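Structure first, then comments.
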Amino acid sequence: APAPSSPAARNEAWVSAFPELLGPARYALEMYNHGRAAGTRAALGSVRGRVRRAGRGMVYSLKATLEEPPCNDPTVCQLPVAKKTLLCSFEVLNELGKHVLLRRNCRPVETKVTDDRNETLSSVLPLSNKAPLPQDFSVRMVSIFKEFVTKYNRTYETKEEAQWRMSVFASNVIRAQKIQALDRGTAQYGVTKFSDLTEEEFRTFYLNPLLKEKPGRKMRLAKAVPDP
Amino acid sequence: APHEWDWRNKGAVTKVKDQGMCGSCWAFSVTGNVEGQWFLKRGALLSLSEQELLDCDTVDKACLGGLPSNAYSAIKTLGGLETEDDYSYHGHLQTCSFSAKKARVYINDSVELTQNELKLAAWLAENGPISVAINAFGMQFYRRGISHPLRPLCSPWFIDHAVLLVGYGNRSDTPFWAIKNSWGSDWGEEGYYYLHRGSGACGVNTMASSAVV
């Protein structure tokens, strides 16, 4: 449906025009806003989508614009941020009434949604989008996640948190698969104790950005080991 | 260099430690190296304190990151390292409570090592475990085996994790470095990571260094 003029009107029109996209789009937005305080959450702009059957579920490939609110609170953002529009692509699996966010990719763009119908969005799920989604993907993911929670003794404060972590876990299972496919050694990648962390969280909590930023103190070069 | 080498079999490596949710890999890489150097020069394997470096190395940034070269200098300036037991790890910055009287090891200097992996292997076999820094691409999901990511994915220009080379060898003709990580023994192969050797994989040869006792 053509995008109505004002954001609020747009929201209304959007709902009536694409009822079957409402559930996955709302879930994707919920995941996107996870952990944000009221007043800092993004709002949904226009949505276009494509649906395909996958196993016993449906995979929604959504292309949506999100309206990030302006930010003038120095405790939230160091510099004032004007209102910003993002173009996001989401992939949401809906199986047996359960949503799983499989992929999220957002970047700032102009407000006009580009028309690139020919773009294949689901290049991630599974590794080649030709292979069919394994049967009961979501159900199996839930059981693997339960194993993970038990093995690493994870606890999550709220049901929403657990849901969010499960969607991160599912994305990470696919990321690990991709890394596995691209490794030229004998390494095996898969579920580890870090599988419920987003890449940003893992990088923030466990890695050391100074190593590439700063040259460090100059040291003298060690003598080479003498040839026996 | 000998065909293979492993300081873990020669008593020069303490058990795998866990940095927790803190970017203090640099401290664990350096204490691991100093533990090895002290063992080889003085014959005693002591588990040394990373928390002392977090708290008292004012040049580096504790959980926000640090550099081995700065840490060696801090150890020299402070006058040594206390043991893990005397100055135990908490995983976040605290007030420095180092006591020179309690320092059990000291270092005299630190050196930068060659970027030639063959010579690096020879140095390791001759002189002990080496502090290195790598690109940690894929390590979040690493479970076992010899990692060899494509070079563009694991560029030597994006070094973001410091670890300790404790040995090297071959597994069915695939050369590897045996690397002691600091994410606990329930990660990887009992806390160890195995990375392809001889191809500069993930920048493993770009920041090799050692203390000198």
Side-chain angles (χ1 to χ4, degrees), chain A residues 127 144 147-148 150-154 168-228, chain B residues 1 19 21-26 59-61 64-70 72-73 109-114 119 122-123 125-127 133 136-138 140-150 153 157-162 171-172 174 176 183-184 186-188 194-196 201 207 209-210:
Chain A
L127 289 180
I144 297 171
E147 276 174 39
F148 165 82
T150 307
K151 179 175 180 181
Y152 294 107
N153 201 17
R154 279 284 188 282
V168 170
F169 180 86
S171 297
N172 280 342
V173 166
I174 292 168
R175 272 179 66 210
Q177 249 190 358
K178 219 170 186 188
I179 293 170
Q180 178 76 65
L182 295 169
D183 192 277
R184 295 178 293 169
T186 62
Q188 290 177 18
Y189 299 91
V191 174
T192 70
K193 64 179 182 180
F194 301 124
S195 285
D196 66 342
L197 296 180
T198 65
E199 189 174 359
E200 293 86 352
E201 287 168 333
F202 177 74
R203 188 166 292 283
T204 305
F205 292 130
Y206 289 95
L207 299 185
N208 178 356
L210 285 195
L211 282 167
K212 66 174 175 290
E213 289 162 16
K214 286 192 154 187
R217 195 178 57 85
K218 199 66 192 141
M219 298 180 283
R220 67 183 171 83
L221 202 55
K223 276 194 314 242
V225 172
D227 188 328
Chain B
Q19 65 191 65
M21 293 180 89
C22 171
S24 53
C25 59
W26 58 278
V59 172
D60 289 310
K61 303 280 183 257
L64 295 177
L67 296 171
S69 54
N70 295 338
Y72 297 128
S73 170
D109 198 359
S110 60
V111 286
E112 182 185 331
L113 301 180
T114 173
K119 290 179 179 173
W123 198 97
E126 183 89 6
N127 295 291
F137 172 80
Q140 182 178 358
F141 309 118
Y142 169 83
R143 293 170 62 87
R144 68 178 67 82
I146 299 172
S147 179
H148 190 184
L150 290 171
L153 297 175
W157 298 105
F158 294 106
I159 303 296
D160 50 14
H161 190 43
R171 278 183 188 169
S172 48
T174 306
F176 67 78
W183 291 347
D186 59 346
W187 173 89
Y194 291 83
L195 183 63
H196 187 263
M207 281 182 74
S209 65
S210 174

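Sequence lines set the chain letters: A, B, ... in the order given, protein chains first and strands last, and positions in each chain run from 1. None of the values given here were measured: they were computed from a predicted structure.
- Heavy atoms of A:V191 lying under 4.5 Å from chain B belong to its backbone as well as its side chain.
- Between A:Y189 and B:R143 the shortest side-chain heavy-atom distance does not fall below 4.5 Å.
- In this structure, B:Q140 and A:L197 approach most closely via the heavy-atom pair NE2-O, 3.0 Å.
- Shown here for B:M21 and A:Y206, the closest heavy-atom pair between the two residues is CG-OH, 3.2 Å.
- Within the 4.5 Å cutoff, the side chain of A:L210 has no heavy atoms near those of the B:W26 side chain.
- Salt bridge status for B:D186 with A:K193: present, with a side-chain N to carboxylate O gap under 4.0 Å.
- Counting only heavy atoms from C-beta outward, the side chains of B:P149 and A:L182 never approach each other to under 4.5 Å.
- Contact check for A:F205 versus B:C22: no side-chain heavy atoms found under the 4.5 Å cut-off.
- The two atoms that bring A:A187 and B:S147 nearest to each other are CB-CA, 3.5 Å, heavy atoms only.
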query: For B:D160 and A:K212, what are the C-alpha separation, side-chain angles and deciding distance, and is it a salt bridge (Lys or Arg N to Asp or Glu O under 4.0 Å)?
result: CA-CA 6 Å; B:D160 50 14; A:K212 66 174 175 290; 5.2 Å; no
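- Distance check, rounded to the nearest 0.5 Å: NZ of A:K223 to CG of B:L113 gives 12.5 Å.
- Although no hydrogens or angles enter the test, the distance criterion places a donor-acceptor pair under 3.5 Å between the side chain of A:T186 and the main chain of B:I146.
- Side-chain atoms of B:L64 and A:P209, non-hydrogen and from C-beta on, never get closer than 4.5 Å to each other.
- Pairing each heavy atom of A:L207 with each of B:A136, the nearest pair is CD2-CB, 3.8 Å.
- Counting only heavy atoms from C-beta outward, the side chains of B:H161 and A:N208 never approach each other to under 4.5 Å.
- The two residues A:R217 and B:Y72 make their nearest non-hydrogen contact at NH2-CB, 4.3 Å.
- Residues A:R184 and B:L150 are in side-chain contact: their nearest non-hydrogen atoms beyond the backbone lie under 4.5 Å apart.
- Side chain of A:D183 to backbone of B:H148: a donor-acceptor contact under 3.5 angstrom is found.
- The aromatic ring centroids of B:W183 and A:F202 lie less than 6.0 Å from each other.
- Atom OG1 of residue A:T192 and atom OH of residue B:Y142 lie 12.0 Å apart, to the nearest 0.5 angstrom.
- For the pair A:V225/B:K119, no side-chain contact is recorded, criterion being any heavy-atom separation below 4.5 Å from C-beta on.
- Both the backbone and the side chain of A:A176 come within contact range of chain B, with heavy atoms under 4.5 Å apart.
- Residues B:D109 and A:R220 are paired through a salt bridge, judged by an N-O separation under 4.0 Å between the basic side chain and the carboxylate.
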